2 protein chains.
Amino acid sequence: MPIDRRAAYPFCMNSSRLKQMPGHLIRRANQISSAIFSEEMVEYELTAVQLIALATIIDRPGMDATRLAEYIDFDKATIGGVIERLERKRLVERRVSQADKRIKELVATPAGRALVSVSMPHIERVQERILQPLSSGEQAQLMSLLKRIVAGFANSPSDAK
Amino acid sequence: MPIDRRAAYPFCMNSSRLKQMPGHLIRRANQISSAIFSEEMVEYELTAVQLIALATIIDRPGMDATRLAEYIDFDKATIGGVIERLERKRLVERRVSQADKRIKELVATPAGRALVSVSMPHIERVQERILQPLSSGEQAQLMSLLKRIVAGFANSPSDAK
DNA sequence: CAAAATTAATATGCCTGCATATCAAATTTA
DNA sequence: TAAATTTGATATGCAGGCATATTAATTTTG
């Protein structure tokens with residue numbers, strides 16, 4: 001194996017090295033994962049972000065937007081738009097809480113529940129397709145490593161959300 | 001270990017399962033990686049995307065926007081804005097090619113080269129920090145698995161770019 | 001050579017992501 | 001209890017991400 005002289009000189013950078021860095025690879029993996037999601041969900045017109053928000057609202061009816069954002073790791077400022085789009089499609093409703101009038105409780109409509117239910121097989125397929133270049137052992141390994149990275153930064157200042 | 005009954009019923013979904021899926025974990029990893037990048041680069045006001053574009057332009061002076069986008073896996077429609085912002089900061093220049101007047105050749109300014117040069121140690125640190133929850137062997141493993149995922153979809157229809 | 005197809009850049013529209021600010025409602029505390 | 005602080009929702013502004021369309025320059029092809 002030829003010696004990579006650049007390794008000895010960390011300040012000598014070039015674009016091929018940048019392309020091999022975790023930041024870029026993670027960005028690419030995300031790009032691929034989103035593309036597969038859209039392909040698989042094209043008939044339902046639901047983004048990955050909208051789906052996980054909707055599924056969580058179904059799971060935990062009455063949750064408010066701030067709790068939802070925390071739970072699925074969304075930015076507080078982003079969640080509003082996501083919910084607004086789900087509401088516009090009549091998949092969720094927002095109801096002002098009588099106990100605390102700052103809070104709007106989120107509930108899914110029957111159409112929202114139906115949509116998540118029929119899209120589930122597709123969601124499973126998205127995940128299979130993302131990992132498909134790897135053997136089943138490697139898939140488990142990747143998942144475990146990613147989980148540890150994500151867990152490692154939970155609640156850290158570097159995890160903006 | 002208790003049996004996860006949900007595994008036997010793939011259509012029974014809930015939000016905790018979605019949160020464990022590769023799509024979500026990759027999205028989270030990307031979120032963390034971007035946050036660390038901004039932290040590390042806060043004094044330079046350069047995004048990860050701008051940096052890799054700039055570094056590539058330095059590496060391959062005279063490249064045009066379409067080639068650049070392909071090389072660093074950007075969407076063709078996104079690259080324009082990224083270059084525009086680099087140009088506004090006087091880090092790159094666009095010059096109409098005399099050989100083919102459709103093409104604008106990209107070159108970095110001295111300021112652009114200087115900026116990449118001084119930010120390199122930070123870029124190295126970003127990558128270390130992302131992988132920091134893992135042992136050095138696991139870091140290598142993760143990188144290799146991610147590379148294979150990314151390579152597995154290169155030029156595939158599922159890789160929008 | 002002229003019409004057709006391709007290509008590079010750019011624009012628009014929608015969605016996500018995040019920092020920052022505002023406002024009203026609730027809670028804390030002085 | 002009144003003032004200060006916190007909290008939830010929302011708005012604005014900017015960046016990236018992508019589909020789709022347009023325009024001008026170039027290449028292909030009939």
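Here the structure is a predicted model, which is why all the values come from computation and not from measurement. Quick note on labels: first sequence line is chain A, next is B, and so on, each numbered from 1.
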Colleague: Between P on dT28(D) and CG on D100(B), what's the gap in Å once rounded to a whole number?
Modeller: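 Answer to the nearest Å: 12 Å.
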Colleague: Expressed as a whole number of angstroms, how long is the span from E39(B):CD to dA19(C):C1'?
Modeller: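 Distance check: E39(B) CD to dA19(C) C1' gives 14 Å.
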Colleague: Is there a donor N/O on one and an acceptor N/O on the other, under 3.5 Å, for the side chain of K76(A) and the base of dA9(D)?
Modeller: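 Present.
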Colleague: Without decimals, in angstroms, what is the distance between L46(A) CG and dT16(C) P?
Modeller: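 Roughly 9 Å, once rounded to whole Å.
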Colleague: Report the distance from atom CD1 of I72(A) to atom P of dC18(C), rounded to the nearest whole Å.
Modeller: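 In whole Å, dC18(C) P lies 12 Å from I72(A) CD1.
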Colleague: Strictly below 4.0 Å: does R85(A) bring a side-chain N or O up to OP1 or OP2 of dT16(C)?
Modeller: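 Result: yes.
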Colleague: How many Å lie between CD1 on I83(B) and P on dA9(C), as a whole number?
Modeller: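 About 7 Å, once rounded to whole Å.
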Colleague: Can you see if the side chain of K104(B) gets near the phosphate of dT10(C) - specifically, an N or O under 4.0 Å from OP1 or OP2?
Modeller: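 Yes, within the criterion.
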Colleague: Can you find a side chain N or O atom of S34(B) that sits less than 4.0 Å from OP1 or OP2 on dG17(C)?
Modeller: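 So the side-chain polar atoms of S34(B) never come under 4.0 Å of the phosphate oxygens OP1 or OP2 of dG17(C).
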Colleague: Would you mind telling me which of dG17(D), dA25(C), dG16(D) lies closest to the side-chain atoms of Q50(B)?
Modeller: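 Nearest listed nucleotide: dG16(D).
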Colleague: With a 4.0 Å cut-off, would you call K76(B) and E70(B) a salt bridge?
Modeller: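 Result for this pair is no, no salt bridge flagged.
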Colleague: Separation of E84(A) atom CD from dA11(D) atom C1', in whole Å?
Modeller: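 Rounding to the nearest Å, CD of E84(A) and C1' of dA11(D) are 12 Å apart.
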Colleague: Base, sugar-phosphate, or nothing: which does A77(A) touch, judged by heavy atoms less than 4.0 Å apart?
Modeller: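 A77(A): base contact, heavy atoms under 4.0 Å.
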Colleague: For dA8(C), does OP1 or OP2 lie under 4.0 Å from any side-chain N or O of R94(B)?
Modeller: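 It does not, given that no N or O in the side chain of R94(B) lies less than 4.0 Å from OP1 or OP2 of dA8(C).
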Colleague: Could you tell me the separation between the CG atom of D75(A) and the P atom of dG16(D), rounded to a whole number of Å?
Modeller: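 Taking atom P of dG16(D) as the reference, CG of D75(A) is at 16 Å.
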Colleague: Flag the pair E45(B) and K89(B) as a salt bridge only when some basic side-chain nitrogen lies within less than 4.0 angstrom of an acidic carboxylate oxygen.
Modeller: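 No, E45(B) and K89(B) are not salt-bridged.
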Colleague: So which nucleotide from dA15(D), dG17(C), dC15(C) ends up closest to the side chain of T47(A)?
Modeller: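 Minimum distance to the T47(A) side chain belongs to dC15(C).
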Colleague: Taking the nucleotide of DNA chain D with the nearest heavy atom to each, does G80(A) or A99(B) sit closer to the 5' end?
Modeller: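 Counting from the 5' end, the first nearest nucleotide belongs to G80(A).
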Colleague: Decide whether R129(A) and Q132(A) meet the rule of one side-chain donor and one side-chain acceptor closer than 3.5 Å.
Modeller: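 Short answer, no.
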Colleague: Which residue, R102(A) or R88(A), contacts DNA chain C at a nucleotide closer to its 5' end, judged by nearest heavy atom?
Modeller: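 It is R88(A), whose closest nucleotide lies nearer the 5' terminus.
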Colleague: What nucleotide, of dG8(D), dC18(D), dG16(D), holds the atom closest to the side chain of I103(A)?
Modeller: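 Between dG8(D), dC18(D), dG16(D), the one nearest the side chain of I103(A) would be dG8(D).
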Colleague: What is the distance from CZ of F37(B) to P of dG17(C), rounded to the nearest Å?
Modeller: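 Distance, rounded to whole Å: 19 Å.
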Colleague: Does a nitrogen or oxygen in the side chain of Q31(A) sit under 4.0 Å from OP1 or OP2 of dC18(D)?
Modeller: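 The answer is yes; a side-chain N or O of Q31(A) sits under 4.0 Å from OP1 or OP2.
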Colleague: Where the side chain of T78(A) is defined as all heavy atoms beyond and including C-beta, which of dG17(D), dG17(C), dA9(D) is the nearest nucleotide?
Modeller: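 Closest nucleotide among those given: dG17(C).
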Colleague: Between the side chains of R148(B) and E138(A), is the shortest nitrogen-to-carboxylate-oxygen separation below 4.0 Å, so that they form an ion pair?
Modeller: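 Result for this pair is yes, salt bridge flagged.
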Colleague: Quick check: on DNA chain C, is the nucleotide nearest K101(A) upstream (toward 5') of the one nearest V82(A), or the reverse? Name the residue that is more 5'.
Modeller: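 Closest to the 5' end, via its nearest nucleotide, is V82(A).
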Colleague: Is it true that R95(B) and E105(B) make a salt bridge, defined as a side-chain N closer than 4.0 Å to a carboxylate O?
Modeller: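 Result for this pair is no, no salt bridge flagged.
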Colleague: I want to verify a distance call: between dG8(D), dA8(C), dC18(D), whose nearest atom is closest to the R67(A) side chain?
Modeller: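 My answer, after comparing the listed nucleotides, is dG8(D).
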Colleague: Side chain of R27(B) only, please: which of dA25(C), dG16(D), dG17(C) is the nearest?
Modeller: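 Selected nucleotide (nearest to the side chain): dG17(C).
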Colleague: Does F37(B) have its ring centroid less than 6.0 Å away from the ring centroid of H122(B)?
Modeller: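 For F37(B) and H122(B), the ring centres are not under 6.0 Å apart.
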